[in-house]
There are 2 protein chains.
Amino acid sequence: MIRLLADPLRARIVELLAEGAACTCHLVEDTGATQPNVSNHLRALRQAGVVVPEPRGRYTFYRLRPEVLDGAARHLAALAERARASGDVRREC
Amino acid sequence: MIRLLADPLRARIVELLAEGAACTCHLVEDTGATQPNVSNHLRALRQAGVVVPEPRGRYTFYRLRPEVLDGAARHLAALAERARASGDVRREC
DNA sequence: GGATCACATCATGGTCGGCTGATATCAGCA
DNA sequence: TGCTGATATCAGCCGACCATGATGTGATCC
């Protein structure tokens, strides 16, 4: 999941989808990237379960799955929590 | 920040540091990676402000900065929140 | 049914980034 | 001061991944 957000274009797509479902043409227009490029990234996000496609006629709308984002967010928060808890621990050599 | 966690070895290093400060030799031993490799990743994390070095004699201990992790976690949580809020929005073509 | 549009897929090329080996630096110790 | 060990830095290689162009597929409209 985090690896997917590492790519700038993919991160941009996720941000756009956070404002609501959108079809590929929207994302192509908003990002300025080429259509196959966007489509490839959407495939990666789809295979990872980050987005779900909703075919509507000849348009395909994509919707973000908040649970996945929440999972990643909780993971990072847990890491921060553990780091705080072990604030003054220092392993010996 | 998220881009840094995209690398498996760097993610492992961050996880290890979440359990407490450790010197480079610890990280080298625990990850099984070579010393220059670990050192390079530590530099990247240091330049991004994710970790802070604490020189102790000839050892250099590294400590995680939880605020940075929390910032990333909050960013993802906010994204998930926005996605939930705009649950049934669908942009028109 | 043919044309067109939205989208997906594939193959290719170019580039960025991680890994390695060698070397430099610095602290502690005999 | 000379040596050893811990760490940092650098140059180069190589693999993975993103972007592009061409093409395929399915749906809509005439």
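First the proteins, then the strands, lettered A, B, ... as listed; each starts at 1.
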**Asked** Whole Å only: how far is the CD atom of A:Glu29 from the P atom of C:dA6?
**Response** 11 Å
**Asked** Taking CG from A:Leu9 and C1' from D:dT20, how many angstroms apart are they, rounded to a whole number?
**Response** 13 Å
**Message:** Both A:Arg43 and A:Tyr59 contact DNA chain C. Which one's nearest nucleotide lies toward the 5' end?
**Reply:** A:Tyr59
**Request:** Check the side chains of A:Asn37 and A:His41 for a donor-acceptor pair under 3.5 angstrom, ignoring hydrogens and angles.
**Result:** yes
**Message:** Would you say CD of B:Glu54 has more than 12 non-hydrogen atoms from neighbouring residues, nucleotides or ligands within 6.0 angstrom?
**Reply:** yes
**Item:** Interatomic distance where CG belongs to A:Leu42 and P belongs to C:dC10 [whole Å]
**Value:** 16 Å
**Message:** How many whole angstroms separate atom CG of B:Asp7 from atom C1' of C:dC19?
**Reply:** 10 Å
**Request:** Report the distance from atom CZ of B:Arg12 to atom P of C:dG18, rounded to the nearest whole Å.
**Result:** 18 Å
**Message:** Treating primed atoms plus P, OP1 and OP2 as sugar-phosphate and everything else as base, which nucleotides of nucleotides 21-30 of chain D get B, S or - for protein heavy atoms under 4.0 Å?
**Reply:** BB----SS--
**Prompt:** For B:Ile13 and D:dT7, what is the distance between atoms CD1 and P respectively, to the nearest whole Å?
**Reply:** 13 Å
**Message:** How many whole angstroms separate atom CG of A:Leu45 from atom P of D:dC18?
**Reply:** 10 Å
**Request:** Please indicate whether B:Glu67 has more than 12 foreign heavy atoms, meaning atoms of other residues, nucleotides or ligands, lying under 6.0 Å from its CD.
**Result:** yes
**Complete:** Taking C:dC19, C:dG18, C:dC7 as options, the one with an atom nearest any side-chain atom of B:Arg10 is C:dG18
